[in-house]
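Notes to accompany the following structure.
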Amino acid sequence: MSEQGQPTEHAKAAEEPKVSPAELKKRAKAEKQARRAAQKEQEGATGEVPPAANGAHQDYTAQKQSGQQDQKGKGPQAKGQPQPKPSKQGGQESKQERAGPSTQSMPVRGKAAPTAPSKEQPKKDNTVVELLSHLYPVQRRPNLIGVSKDVHPAVLALGLQISTYEICGSSARCVAMLLAFKEAIQAYTTPRDTSLPRHLVSHHLSPQIDYLRSCRPLAESMGNAIRWLKKLIVELDPDKPEHEAKDLLCEEIDRFVHERITVTDQAIASSARNQIRNGSAVLTYAKSAIVEKTILQAHEQGTRFRVIVVDSRPLLEGKRLATSLMRAGLEVQYVPFSGLAHVMKDATLVLLGAHSMLSNGRLQSRVGTASVALRAHKTDVPVIVCCESVKFSGKVALDSIVLNEIAPPEELLLSSPAQPAVHPTAVTTATGKEVSEDDEPAAKLKSLHDWSSIANLRLLNPVYDITPAEYIRMVICEYGSVPPSSVPVVHRLANEGM
Amino acid sequence: MVGQTPSLTTFLKSLKQNDIETSIELFISLLKRRQIKNSRPCAIATTHLLLRVVAEPKRKWDAQKLIDRVGHVGRRLVAAQPREMAVGNIVRRVLGVIREVAERDEDSLTDSEFSGSASPITGEFKQRPGLPTRFSEFSPLHGAAAMPHNMHSGRPGTADSMNVEFGGTPQRPGLMSSNASYAGQGPSGTSLFSILQHPQGRSPLATPPTGTQSPAMGPSPSRRTTGGEANEKLDIKAEVIDGIKELQDELDVVDSQIAESALDHIHSNEIVLTHTSSQTVQKFLLTAARKRKFTLFHAEAYPNNHEATHATILNGAQGEEEDSDERWKPLTSLGITVILIPDSAVFALMSRINKVILAPHAVLANGSLLAAAGASTIALAAKTHHVPVVVLSGVYKLSPVYPFDTDELIEYGDPSKVVPFEEAEFMNKVDIVNPLYDWVDCDLVDLYITNLGGHAPSYLYRIVADHYRLEDVDLNAKQDVAVKKG
């Protein structure tokens, strides 16, 4: 996608210096041309997209395909259509206005324009790890500017919450998305000469989904839920009155959330809690809602056991889990990721949450899970994964490179107060002389916050990794406790209805 | 000194001013307070301290006394921080040097005693008649005793008048006398010569220099006997001091020696993964980077070493001196792509990595190692992906200890590095564990690179045997012997 983005920039860059001395009309013309060229190029590059997208909307037998093409195909579309279209009129007119009165600024921009892409080039190099360049999102941070006007405010808010990890976790995001979609559906009115089943998905739901995807790649559970919802909408009776249809959809969504997530969680937790016996030491990694529920239920049941929470930077989710378990009165041990080998010896059971269970039995979960499972496997500690069937996926993956998500590398930076925090301590402990000595090198030395200015330095912050199936003893889902090899069967049963 | 945090540098500075007992105490407290930590600073500090102990101005050493003394000091140091194995290693190396010096003399003496088999064993040295190093000054291994010069004239303030006199006189005869002419000769010549000198050599051990030697024994006027006595004592001192200086030199060049083999191990466009901010690894990679382009994934070793790791990546590794602001160039400035990753991402990326390079805290005799926490997770991930794990370690980190209880070897760090103390409730109720080291089993390691070259982990026991005396492996066993003797 980045390749598609660049030609447009080049095109603009090539055009602008020619135009810059010229009159406004000429310039506007050139811009139009550039726009057209860009559009053409995008359409050319994603030539197969429109049919694929249509397929996604209407042909529901090819669910899997649509899921994949959703990601490939709609990305550029989303970028190509909503962005240039609304902002073109607004943004570029304002450019013209700005350029109009002060023609002197024009040459400056003309000069800046050719350098801009060249600047962009190394910058891109500087932040992207080539090995994983396919995983970098087109748009890193969601910004509300340029978002399609169709996106419902509830979805907008949700997008921001998701991108800041306020709503985090596959099932939590799925539930939140469905609830936001409920509001979005209620706010929908069918245009005159079409019907709800035909129009709702492609014209109303798609922008919402694209926006959410731009905030953070969709979780597998969200994908499954979207597929289910689309199918449901398309299968609606077109003659049904609009408000009835909408009410029905909302009910169905509620039912889905209830059946596939809330009750399921309950079932899984009550099944998994039996794996925890008196005196056992349960090790868990990061934070999984379902693991938390399991542990709390086992605790309420009166089982005496202790919990080891392994945690890792940058999200430190485990700390939240440890806090909630601690408040519930459990005996909790909290270990940074580096201490993993150390605590594994004491563990008798490893409970893991999942981002997704892949069809080849592998587990996709928070990065670091694979190491935990591997270590447990080597130490002969059983690894049990708790996962709702809604997170089961038809995808397969062999390693964590092809299928992953890259979070913004800025998250890896230590919070900026931590950096000066070194200095106050130096100030308090050292004499005035020392401080001045300390400050000088500190001024010279770069901190990690300058990372993007260092040519060959990259920060890599993957979100997930893939745990090989042989490390997993058991997957507990609402269909029962199954080995990882049964994941594709359960997936077919649960998500494809066959 | 005022207002400076105690560290290796301040300790080395203070070593010149303080007397020996104070220095030992200071080092012990620094070790206990972890103000000197990690293998290299500990090793450097130990060599300097033992050098001072051996070179103690008032003392005349014979080998056994010196062994007892160094052993005693060593035991105290090891007891202060048993997990800094480098301290124990250096103590053992120094003890080994002493024993070697003693044995060399013994050899030359026993050679000489074939003829004079009467061997008038006097004094307390019943087992080791040859220990007084009468002849080692002639040994070609030992130069013309440059050390005593430094030792005695270097500290004019501390030496009392008697010592100055005592220390000053002996070397002069030593240098003036015909030693120089013998210096070039082989050991056999020395031993031959010693036949003649033998009675004279023994005499100083007997309490008073009686002057009963036959006058035919060559140039030995009674004036020289005092000189001879001093020579003996000084000699072992000087040789041991030389040995310790060699050790110090070894510590200085160990990284460069390891780095020499960098090009044998890193090929172009390789993807390497490392962990922590080890100087040794940085130097190794820098050497490779001058010739070859590769990609480095650097795991940050949170929470104990991540700041140093970040600083190393951004600004280059710190130079030799712990406190100096002098830094090496960062790898990025040599065109190496450095990718900083959190520790948890190691498994995810391992399938694309060609080589893992680790720096140990200590290497154990069976080929396993102690390294910064997280290393065993990395090594295990590497093993499952069949990625070779290379460990760069100076010989000084190689410890003759076998891991019987691996838990015992691991030290726990400050929990506030994981969760700050401000979060009182959490701190209070949750057991926060922050181990500093990980034990990595030998079967996870594919190759050791030391300053001696590359070795399989299974070969390390031989290097241990080369560097440490069997007698010294268990420092505390020595204590029992000493107690029994005492």
Side-chain angles (χ1 to χ4, degrees), chain A residues 129 131 309 311-314 319 322-323 326 331-343 345 366-371 374-375 378 398-401 404 412 414 422 429-431 433-434 440-441 444-448 450-451 454-462 464-468, chain B residues 2-5 271 295 297 300-304 306-307 310-311 313-315 325 327 330-349 351-352 372-378 380-381 384 407 410 417-419 425-426 429-435 438-440:
Chain A
V129 176
L131 187 63
V309 180
D311 205 359
S312 76
R313 243 167 56 82
K319 207 161 124 188
T323 311
M326 161 195 91
E331 188 188 334
V332 185
Q333 196 174 30
Y334 179 75
V335 196
F337 193 76
S338 58
L340 172 65
H342 202 74
V343 289
K345 284 176 235 160
R366 182 69 66 236
V367 64
T369 306
S371 290
L374 166 64
R375 173 62 68 179
K378 289 285 170 191
L398 292 172
D399 60 31
S400 327
I401 309 257
N404 209 331
L412 279 182
L414 297 160
V422 181
T429 55
T431 60
K433 223 187 194 177
E434 259 295 291
E440 277 169 44
K444 269 186 269 165
L445 296 181
K446 291 169 194 150
S447 86
L448 204 57
D450 313 325
W451 69 281
I454 299 172
N456 288 310
L457 182 64
R458 314 280 140 88
L459 264 59
L460 180 61
N461 186 14
Y464 302 115
D465 65 9
I466 308 279
T467 307
Chain B
V2 180
Q4 219 166 333
T5 347
I271 304 181
T295 306
F297 278 95
E300 58 180 0
Y302 180 83
N304 295 308
H306 63 287
E307 277 157 1
H310 293 168
I313 292 171
L314 293 161
N315 304 306
D325 299 324
R327 280 172 175 276
L331 278 167
T332 47
S333 71
L334 291 174
I336 302 300
T337 306
V338 178
I339 303 165
L340 179 73
I341 53 169
D343 302 333
S344 48
V346 167
F347 190 97
L349 297 164
S351 56
R352 297 296 180 277
S376 79
T377 308
I378 293 174
L380 193 58
T384 49
D407 283 345
I410 286 162
K417 289 196 170 167
V418 186
V419 178
E425 190 194 5
F426 196 86
K429 290 189 182 164
V430 175
D431 178 16
I432 299 168
V433 185
N434 179 16
D438 251 3
W439 176 72
V440 182

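Being a predicted model, the structure only gives us computed values, none of them experimental. Order of the sequence lines sets the chain letters (A, B, ...), proteins ahead of strands, with each chain counted from 1. All values below were derived from every heavy atom in this structure, side-chain atoms included, with hydrogens, water molecules and symmetry-related copies excluded.
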Checklist entry - Which bit of A:Pro336 is near chain B, if near means a heavy-atom gap under 4.5 Å: side chain, backbone, both or neither? => result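 Both the backbone and the side chain of A:Pro336 come within 4.5 Å of chain B.
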Checklist entry - Between A:Lys319 and chain B, which part of the residue has a heavy atom less than 4.5 Å away: side chain, backbone, both or neither? => result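 Both parts, backbone and side chain.
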Find the one option among [options] whose heavy-atom pairs under 4.5 Å with chain B are most numerous.
options: A:Ile466, A:Val309, A:Val367; value: A:Val367
options: A:Gly339, A:Ser371, A:Ser312; value: A:Ser371
options: A:Leu374, A:Asp465, A:Asn461; value: A:Leu374

Next on the checklist: I'd like to know if the side chain of B:Ser344 pairs up with that of A:Arg366 as donor and acceptor (distance under 3.5 Å, no hydrogens or angles considered).
Outcome noted: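 Per modelled atom types, B:Ser344 and A:Arg366 side chains form no pair under 3.5 Å.
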Is any side-chain heavy atom of [X] closer than 4.5 Å to a side-chain heavy atom of [Y]?
X: B:Pro303; Y: A:Ser338; answer: yes
X: B:Arg352; Y: A:Asp399; answer: yes
X: A:Phe337; Y: B:Thr377; answer: yes
X: A:Leu412; Y: B:Pro342; answer: yes
X: A:Leu460; Y: B:Phe297; answer: yes
X: B:Ser351; Y: A:Ile401; answer: yes
X: B:Tyr302; Y: A:Pro314; answer: no

Give, for atom [atom1] of [X] and atom [atom2] of [Y], the distance between the pair rounded to the nearest 0.5 Å.
X: B:Ile339; Y: A:Leu131; atom1: CD1; atom2: CG; result: 7.5 Å
X: B:Phe347; Y: A:Thr467; atom1: CZ; atom2: OG1; result: 7.0 Å
X: A:Asn456; Y: B:Ile313; atom1: CG; atom2: CD1; result: 12.5 Å
X: A:Ile454; Y: B:Leu314; atom1: CD1; atom2: CG; result: 4.5 Å

Taking every heavy-atom pair that is under 4.5 Å apart, which of [options] has the most such pairs with chain A?
options: B:Thr295, B:Ile378, B:Leu380; answer: B:Leu380
options: B:Ile271, B:Asp407, B:Asn434, B:Val346; answer: B:Asp407
options: B:Ile336, B:Thr332, B:Val419; answer: B:Thr332

Proximal component of [X], with respect to chain A [non-hydrogen, under 4.5 Å]:
X: B:Glu300; value: side chain
X: B:Thr337; value: both
X: B:Ile410; value: side chain
X: B:Asp438; value: side chain

Checklist entry - If you count the non-hydrogen atoms of other residues, nucleotides and ligands that lie under 6.0 Å from NZ in B:Lys429, is the total more than 12? => result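 Check passes, neighbour count above 12.
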Checklist entry - Okay, side chain of B:Asp431, backbone of A:Gln333: is any donor-acceptor separation there less than 3.5 Å? => result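 Side chain of B:Asp431 to backbone of A:Gln333, a donor-acceptor pair under 3.5 Å: no, none is there.
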